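Heads up, the thing below is written out as structure tokens.
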Amino acid sequence: QVQLVESGGGLVQAGGSLRLSCAASGRTFSIYAMGWFRQAPGKDREFVSAITWSGGNTYYADSLKGRFTLSRDNAKNTVYLLMSSLKPEDTAVYYCAAKVGSSGWDQYRLYNYWGQGTQVTVSP
């Protein structure tokens, strides 16, 4: 199967930046897309960004375009989420996910594998 491990979360002041990493292992050849989701206390899990593994096409939540950037390192089977100009409302647990099927990329229920999550806290 596929295993995902996130890292890079932590505490940052508003306006700062963080770079999250997600390393995939196992049957990585089966991955169609990898995505990032986040969940704040009392809120639903929401889509952040996704990338198709083969084509490298990236997708972003409209509200995050211009601040968050998704990239990948094929050799390391790793995706990165660079978060800039962070705001307190960005505080959440950020999850990396992998999708096997080729249909859809912005709904968390379509993803097959999940990392453990990494906490991002943005202070005022």
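Keep in mind it's a predicted model, so treat the numbers as computed, not measured. Just so you know, these numbers use all the heavy atoms, side chains as well, and skip hydrogens, waters and symmetry mates.
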task = Measure across R67 and L86 and return the closest heavy-atom pair with its distance rounded to 0.1 Å.
result = NH1-CA, 3.9 Å
remark   = For V79 and W53, the nearest pair of non-hydrogen atoms, with its separation, is CG1-CZ3, 3.4 Å
query = If two hydrophobic side chains count as joined below 4.5 Å and joins carry through other members, does L81 share a cluster with V12?
reply = yes
task = Check whether any side-chain heavy atom of T52 sits under 4.5 Å from a side-chain heavy atom of Y32, and report yes or no.
result = yes
task = Would you check if T69 and Y60 make a side-chain contact, meaning some heavy-atom pair closer than 4.5 Å?
result = yes
task = Please confirm whether the backbone N or O of A23 pairs with a side-chain atom of T78, one donor and one acceptor, at under 3.5 Å?
result = no
task = List the steps and the verdict of side chain to side chain contact (heavy atoms under 4.5 Å, CB included) for V48 and F68.
result = CA-CA 8 Å; V48 174; F68 287 16; 3.6 Å; yes
ask   = Which heavy-atom pair separates Q116 from L4 by the least distance, and what is that distance?
value = OE1-O, 3.8 Å
Under 3.5 Å: donor-acceptor pair, side chain of T91, backbone of P88 = yes
task = From the options E46, E89, E6, select the one residue that forms a salt bridge (charged side-chain N to carboxylate O under 4.0 Å, His left out) with R38.
result = E46
note = residues 16-103 vs disulfide bond (SG atoms under 2.5 Å apart), sequence neighbours excluded, gives C22-C96
remark   = Applying side-chain hydrogen bond (donor to acceptor under 3.5 Å, both in side chains) to S7 and not counting sequence neighbours gives none
request  = Would you sort out whether M83 and D90 count as a side chain to side chain contact (heavy atoms under 4.5 Å, CB included), showing the intermediate values?
outcome  = CA-CA 9 Å; M83 306 182 295; D90 293 319; over 6 Å; no
query = Can you hop from L110 to I51 via hydrophobic side chains spaced under 4.5 Å?
reply = no
task = Taking all heavy atoms of A24 and all of M34, pick out the closest pair and write down the distance.
result = CB-CE, 4.2 Å
request  = Verify, without hydrogens or angle tests, whether Y80 (side chain) and D73 (backbone) share a donor-acceptor contact under 3.5 angstrom.
outcome  = no
ask   = Is the centre of the F47 ring less than 6.0 Å from the centre of the F37 ring?
value = yes
inquiry  = Donor-acceptor pair, distance only, cut-off 3.5 Å: does the side chain of N112 make one with the backbone of V100?
reply    = yes
query = Would a hydrophobic clustering, with Ile, Leu, Val, Met, Phe, Trp and Tyr connected at side-chain separations under 4.5 Å, put L20 with I31?
reply = yes
key: K99 side-chain N/O to S103 backbone N/O, donor-acceptor pair under 3.5 Å   = yes
message = On the six-membered ring of Y95, is R45 placed so that its NZ or CZ lies under 6.0 angstrom from the centre and within 45° of the ring axis?
response = yes
inquiry  = Give me the atom names and distance for the closest heavy-atom approach of Y111 to A98.
reply    = CD2-C, 3.5 Å
task = Answer with yes or no whether the side chains of Q1 and Y113 bring together a donor and an acceptor at under 3.5 Å.
result = yes
query = side chain to side chain contact (heavy atoms under 4.5 Å, CB included) between L11 and V120: does it pass, once the steps are laid out?
reply = CA-CA 6 Å; L11 176 65; V120 173; over 6 Å; no
key: Nearest heavy atoms of S21 and W36, plus distance in Å   = O-CH2, 3.7 Å
